[in-house]
Participant: 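Please find one structure pasted underneath; my questions will follow.
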Amino acid sequence: MSMRIGYGFDSHAFRAGVPLVIGGLAIEHSEGLAGHSDGDVLLHAITDALLGAVSAGDIGTFFPPSDARWKGAASSVFLKTALEEVAMAGYRIVNIDTVLVMARPKIVPIAGELRERVAELLGLKPGEVGIKAKTPEGLNQDHVAVAHVTVLLESLSVPEPVKKLSATADVDEVNQVVESLVQGVQDTSALGRKRPAFDADDLT
Ligand SMILES: C[C@@](CO)(OP(=O)(O)O)[C@H](O)COP(=O)(O)OP(=O)(O)OC[C@H]1O[C@@H](n2ccc(N)nc2=O)[C@H](O)[C@@H]1O
């Protein structure tokens, strides 16, 4: 089994008149975060940590701030693409850990809810997500929200029936397994990317 780590960072300034969304959770506060998208600083840092872990570039290369398509976009769209990149590279998330740096709002009262929301978006258990917060003491950045994220990935293991199959290599059984896998493939890409459309009959 191979393992990979990833690290992500993001920052956004607070701005009056926009809703505050952190980790996919709408939070009651007097100001939100300015950005081309919904400004979700935590999901942006998680997206970058995941992309970095599989060496797939960064959020800006996939979703340039100059591209009008991402204006006001929900950041769960960016996260979905990063999750696809992780899966396509043959990895799954073991756990993630996060630090939010902001003077206000206080995160501890909502940390449980935030952890559950982030876990849900990542397909993890809440116990696999760490949420921590720091006051930016001495940093003179009371009007900025910052997120740091680390992620650990492990390679997907080959299921036992597939291992056995590769050892015995019966053509009919191979065809059956390939057909079932092809049927399970869906177009889930947030970028509208199509999975290769191939027929199991074309495989040799
Ligand atoms: C999520 C989005 C949606 O459009 O916008 P926001 O909601 O944050 O504004 C963007 O993906 C948010 O991209 P993000 O990566 O944070 O933006 P920037 O820091 O400006 O970087 C944009 C691109 O420029 C590259 N870059 C940045 C700084 C630098 N000195 N050299 C670079 O080459 C980055 O690697 C990235 O590919």
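Atoms within a ligand are numbered from 1 in the order they appear, just like the ligands themselves.
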Participant: Is there a side-chain contact between Asp48 and Phe9, using heavy atoms and a 4.5 Å cut-off?
Facilitator: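 Side-chain contact under 4.5 Å: no.
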Participant: What protein heavy atom is closest to atom 23 (C) of ligand 1, reported as residue, atom name and distance in Å?
Facilitator: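 Protein heavy atom with the smallest distance to atom 23 (C) of ligand 1: Gly60 CA, 4.2 Å.
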Participant: Identify the closest protein heavy atom to atom 9 (O) of ligand 1: which residue and atom is it, and at what distance?
Facilitator: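 Sorting protein heavy atoms by distance from atom 9 (O) of ligand 1 puts His36 N, 2.8 Å first.
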Participant: For Leu50 and Val151, work out which heavy atoms get closest and say how close.
Facilitator: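 In this case the closest contact between Leu50 and Val151 is CD2-CG2, 3.8 Å.
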Participant: Is the closest heavy atom of Ala34 to ligand 1 under 4.0 Å?
Facilitator: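 No; Ala34 lies far enough from ligand 1 that no heavy-atom distance drops under 4.0 Å.
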Participant: Compare every heavy atom of Val149 with every heavy atom of Ala45, then report the nearest pair and how far apart it is.
Facilitator: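 Heavy atoms of Ala45 and Val149 come nearest at CB-CG2, 3.6 Å.
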Participant: Of Val101, Leu100, Leu42, Asp10, which meets side chain to side chain contact (heavy atoms under 4.5 Å, CB included) against His148?
Facilitator: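 That would be Val101.
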Participant: Just go through Phe63, Phe62, Phe9 and tell me whose heavy atom is the nearest to atom 10 (C) of ligand 1.
Facilitator: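 Residue with the shortest heavy-atom distance to the ligand atom: Phe63.
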Participant: Looking only at distance, does Ser37 have an N or O less than 3.5 Å from an N or O of ligand 1?
Facilitator: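 Checking ligand 1 against Ser37, an N or O pair does fall under 3.5 Å apart.
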Participant: As a test of the contact definition, would atom 1 (C) of ligand 1 count as having a protein heavy-atom neighbour under 4.0 Å?
Facilitator: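 There is a protein heavy atom less than 4.0 Å from atom 1 (C) of ligand 1.
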Participant: About how many Å separate CD1 of Ile93 and CZ of Arg4, when rounded to the nearest 0.5 Å?
Facilitator: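 One gets 14.0 Å once the value is rounded to the nearest 0.5 Å.
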Participant: Provide the number and element of each atom of ligand 1 under 4.0 Å from a heavy atom of Pro64.
Facilitator: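 Within the 4.0 Å cut-off of Pro64, ligand 1 contributes 4 (O).
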Participant: Looking at atom 7 (O) of ligand 1, tell me if a protein heavy atom falls under 4.0 Å from it.
Facilitator: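 Answer yes: something from the protein, a heavy atom, is under 4.0 Å.
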Participant: Please indicate whether Glu113 has more than 12 foreign heavy atoms, meaning atoms of other residues, nucleotides or ligands, lying under 6.0 Å from its CD.
Facilitator: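 Counting other residues, nucleotides and ligands, CD of Glu113 stays at 12 neighbours or fewer.
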Participant: Once the angle between the rings of Phe14 and His143 is folded into 0 to 90°, is it parallel (under 30°), tilted (30 to 60°) or perpendicular (over 60°)?
Facilitator: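 It falls in the perpendicular class, over 60°.
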Participant: Please name the pair of heavy atoms, one in Gly23 and one in Leu43, separated by the smallest distance, quoted to 0.1 Å.
Facilitator: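 Heavy atoms only, the tightest pair is CA-CD2, 3.8 Å.
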Participant: Would you verify that at least one protein heavy atom lies under 4.0 Å from atom 25 (C) of ligand 1, or report that none does?
Facilitator: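 Protein heavy atoms within 4.0 Å of atom 25 (C) of ligand 1 - there are none.
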Participant: Would you say the side chains of Asp97 and Thr150 form a donor-acceptor pair under 3.5 Å?
Facilitator: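 Result is no, nothing qualifies.
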Participant: Specify the protein heavy atom at minimum distance from atom 20 (O) of ligand 1: its residue, its atom name, and the distance to 0.1 Å.
Facilitator: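 Protein heavy atom with the smallest distance to atom 20 (O) of ligand 1: Pro65 CG, 4.0 Å.
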Participant: Should one rank Asp67, Asp58, Ile59 by closest heavy-atom distance to atom 35 (O) of ligand 1, which comes out on top?
Facilitator: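 Nearest option to atom 35 (O) of ligand 1, by heavy atoms: Asp58.
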Participant: Looking at every non-hydrogen atom in both residues, tell me the closest pair between Leu156 and Ala87 and how far apart they are.
Facilitator: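 Shortest heavy-atom separation between Leu156 and Ala87 comes out as CD1-O, 4.3 Å.
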Participant: If we count only non-hydrogen protein atoms and require a distance under 4.0 Å, does atom 29 (C) of ligand 1 qualify as touching the protein?
Facilitator: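 It does not; no protein heavy atom is within 4.0 Å.
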Participant: Under 4.0 Å from a heavy atom of Phe78: which atoms of ligand 1 are those, numbered in the order shown and with their elements?
Facilitator: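 That gives atoms 1 (C), 3 (C) of ligand 1.
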Participant: What do you think, any protein heavy atom under 4.0 angstrom from atom 17 (O) of ligand 1?
Facilitator: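 For atom 17 (O) of ligand 1 the answer is yes, since some protein heavy atom falls inside 4.0 Å.
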Participant: Where do Ala145 and Met102 come nearest, in terms of heavy atoms and distance?
Facilitator: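 For Ala145 and Met102, the tightest heavy-atom pair comes out as CB-CE, 3.6 Å.
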Participant: Answer yes if a protein heavy atom lies under 4.0 Å from atom 33 (O) of ligand 1, otherwise answer no.
Facilitator: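 Given the 4.0 Å cut-off, atom 33 (O) of ligand 1 does not count as touching protein heavy atoms.
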Participant: Does even one non-hydrogen atom of Lys71 get within less than 4.0 Å of ligand 1?
Facilitator: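 It does not, in that no heavy atom of Lys71 comes within the 4.0 Å cut-off of ligand 1.
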Participant: Classify the angle between the aromatic ring planes of Phe63 and Phe78 as parallel (below 30°), tilted (30 to 60°) or perpendicular (above 60°).
Facilitator: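 It falls in the tilted class, 30° to 60°.
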Participant: Is it the side chain, the backbone, both or neither of Ala73 that has a heavy atom closer than 4.0 Å to ligand 1?
Facilitator: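 Neither part.
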Participant: I'd like to check atom 13 (O) of ligand 1 in this structure: does the protein have a heavy atom lying under 4.0 Å from it?
Facilitator: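 When distances to the protein are checked, atom 13 (O) of ligand 1 has a heavy atom within 4.0 Å.
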Participant: Does the protein place a non-hydrogen atom closer than 4.0 angstrom to atom 4 (O) of ligand 1?
Facilitator: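 Answer yes: something from the protein, a heavy atom, is under 4.0 Å.
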Participant: Atoms of ligand 1 less than 4.0 Å from His44 heavy atoms?
Facilitator: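 The list of qualifying atoms is 1 (C), 7 (O), 8 (O).
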